[in-house]
Visitor: 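Handing you this structure, nothing more for now.
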Amino acid sequence: MKKYLFIVLAGCLLAVGCRKIELVNPTEYEVLPFGEDSDADPIGMYLLNEGNMGSNKADIDYLDFRTAVYARGIYAEKNPDVVKELGDVGNDIQVYDGRLFAVINCSHKVEVMDAYTARRITQIDIPNCRYIRFKGRYAYVSAYVGPVAMDPDAQKGAVFKVDLDTYRIVGQVTVGYQPDELAIVGDRAYIANSGGYRAPNYDSTVSVIELETMRQMYKIDVAINLSRIKADAYGNLWVSSRGNYDDVPSNLYRLEPNGGRYQVAEAMNIPASNMTVSGDSLYVYSVEYSNQTSKNTVTYAIIDVKKKRVVSRKFITDGTELDIVIPYGIAIHPRNGDIYVTDAKNYVSSGVLHCYSREGVRKWSVRTGDIPAHMVFLERKQPHK
């Protein structure tokens with residue numbers, strides 16, 4: 001009996017000695033009910049789970065359209081030698097030039113991976129980074145820069161220019177307070193400044209920077225607590241304001257060029273938390289929190305960007321939007337028009353990804369990681385010419 005106990009204990013010690021292997025969380029795979037398609041293009045979709053702040057639980061899921069398999073939590077399995085795994089709070093994910101870029105806010109880095117294997121290439125250290133966009137051989141990253149904390153004296157943020165050949169920062173420009181999403185139009189970038197750390201003294205501007213020289217050309221005064229910004233095919237910029245959660249409501253604004261400079265053209269008078277452009281349609285949802293009622297009001301809408309008007313107050317038509325507690329991410333399939341909406345649920349446990357047809361009828365749902373937020377499609381790999 002003692003000999004048997006010794007063998008068991010020795011086995012346990014051996015397992016502890018191999019803890020680097022044992023502690024890697026295995027990826028979970030789930031087959032979805034839409035059938036295999038070897039010719040699918042895009043071939044897949046990455047979903048970045050933010051994870052709870054301070055818990056180091058940011059992770060990536062992958063939906064394979066060819067095999068109809070959903071892989072939950074792929075980063076650690078693909079990169080078992082990365083000690084702290086993906087990091088703390090995933091804030092943006094993009095694919096560019098065969099590479100997958102994940103912006104990890106509270107870990108102050110942009111993780112760079114091979115887009116087709118999710119294997120790590122390198123990381124780019126940027127303080128309190130938020131969103132990433134691309135032009136030519138450069139990436140442009142918005143960042144709060146200062147510490148992650150509410151502070152009435154929080155410093156202004158910046159946009160960093162990164163050379164994608166060397167992964168080195170080659171330029172930087174100061175913008176407004178706590179800059180969030182950015183959009184690139186031509187040779188300029190437009191950045192929505194929130195001022196969120198300085199509440200109730202929010203910023204209210206969109207910074208306009210020249211990409212070549214990395215200088216701020218001018219600012220556009222829009223509304224307080226800006227967050228998202230999207231460009232359409234007609235020269236409009238769509239900018240969301242979260243308001244102050246009290247007596248200033250959330251709203252969506254349309255900006256248009258006039259004499260070479262953008263200006264506010266109109267307020268759409270609908271709340272907006274997040275949005276995405278697909279063709280002539282801007283899909284918008286809002287989760288508007290009220291300090292007065294301590295409750296969220298959830299709404300959905302579609303805007304025709306060509307006609308510049310709201311054409312629908314919902315894009316989920318079968319009533320299943322009632323199953324969504326906190327819509328937290330949105331994406332539109334570029335070929336078939338399927339609508340993907342994530343649900344953050346209670347912000348502390350697994351979320352859900354819902355897929356709807358272009359007509360707004362739910363097709364399927366699948367469990368995700370914690371706080372599923374950001375999605376990007378992966379196009380079929382093109383052969384080198």
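We count residues from 1, following the sequence as given. Computed from heavy atoms alone, side chains included, the values below leave out hydrogens, waters and symmetry copies.
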Visitor: Taking side-chain contact (heavy atoms from CB on, under 4.5 Å) as the definition, give me every residue that meets it alongside Thr117, ordered by chain and number, with sequence neighbours left out.
Guide: Asp114, Arg119

Visitor: Would you call Asp92-Arg130 a salt bridge at under 4.0 Å N-O?
Guide: no

Visitor: Considering only NZ, NE, NH1 and NH2 on the basic side and carboxylate oxygens on the acidic side, decide whether Arg137 and Asp165 come within less than 4.0 Å.
Guide: yes

Visitor: State the OG-CG distance between Ser194 and Asp180, to the nearest 0.5 angstrom.
Guide: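 Those atoms lie 4.5 Å apart.
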
Visitor: Sequence neighbours left out, what passes ring-ring contact (aromatic ring centres under 6.0 Å, His included) with Phe101? Give chain and number order.
Guide: Phe134

Visitor: What salt bridge (charged side-chain N to carboxylate O under 4.0 Å, His left out) pairs are there with at least one residue in residues 42-59, not counting sequence neighbours?
Guide: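 As it turns out, the salt bridge (charged side-chain N to carboxylate O under 4.0 Å, His left out) pairs with a partner in residues 42-59, which skip direct neighbours, are Lys57-Asp370.
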
Visitor: Under the rule for side chain to side chain donor-acceptor pair (under 3.5 Å), what residues qualify as partners of Thr297, not counting sequence neighbours?
Guide: none

Visitor: Verify the distance criterion only: is there a donor paired with an acceptor across the side chains of Asp61 and Asn49 at less than 3.5 Å?
Guide: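 Indeed, the side chains of Asp61 and Asn49 share at least one donor-acceptor pair under 3.5 Å.
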
Visitor: According to ring-ring contact (aromatic ring centres under 6.0 Å, His included), who are the partners of Tyr197, at least two apart in sequence or on a separate chain?
Guide: Tyr144

Visitor: Is there any ring pair (Phe, Tyr, Trp, His ring centres under 6.0 Å) pair reaching into residues 294-324, and which pairs are they, with sequence neighbours excluded?
Guide: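 Found Tyr283-Phe315, Tyr300-Phe315.
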
Visitor: Do any pairs count as a ring pair (Phe, Tyr, Trp, His ring centres under 6.0 Å) and have a residue in residues 230-268, sequence neighbours left out, and if so which ones?
Guide: Tyr190-Tyr262

Visitor: Which pairs pass salt bridge (charged side-chain N to carboxylate O under 4.0 Å, His left out) with one or both residues in residues 323-343, sequence neighbours excluded?
Guide: Asp41-Arg335, Asp323-Arg362, Arg335-Glu379, Asp338-Lys363, Asp343-Lys345

Visitor: Does anything in residues 261-283 form a salt bridge (charged side-chain N to carboxylate O under 4.0 Å, His left out)? List the pairs, not counting sequence neighbours.
Guide: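 Listed once each, the pairs are Arg254-Glu266.
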
Visitor: Considering residues at least two apart in sequence or located in another chain, which fulfil the ring-ring contact (aromatic ring centres under 6.0 Å, His included) criterion with Tyr140?
Guide: none

Visitor: Applying ring-ring contact (aromatic ring centres under 6.0 Å, His included), can you list everything that pairs with His333, at least two apart in sequence or on another chain?
Guide: Phe65, Phe377

Visitor: Under a 3.5 Å cutoff, is there a donor and acceptor pairing between the side chains of Glu288 and Ser250?
Guide: no

Visitor: Is Glu28 paired with Arg367 through a side-chain N to carboxylate O contact shorter than 4.0 Å?
Guide: yes

Visitor: What pairs meet the salt bridge (charged side-chain N to carboxylate O under 4.0 Å, His left out) rule with one or both residues in residues 303-317, with sequence neighbours excluded?
Guide: none

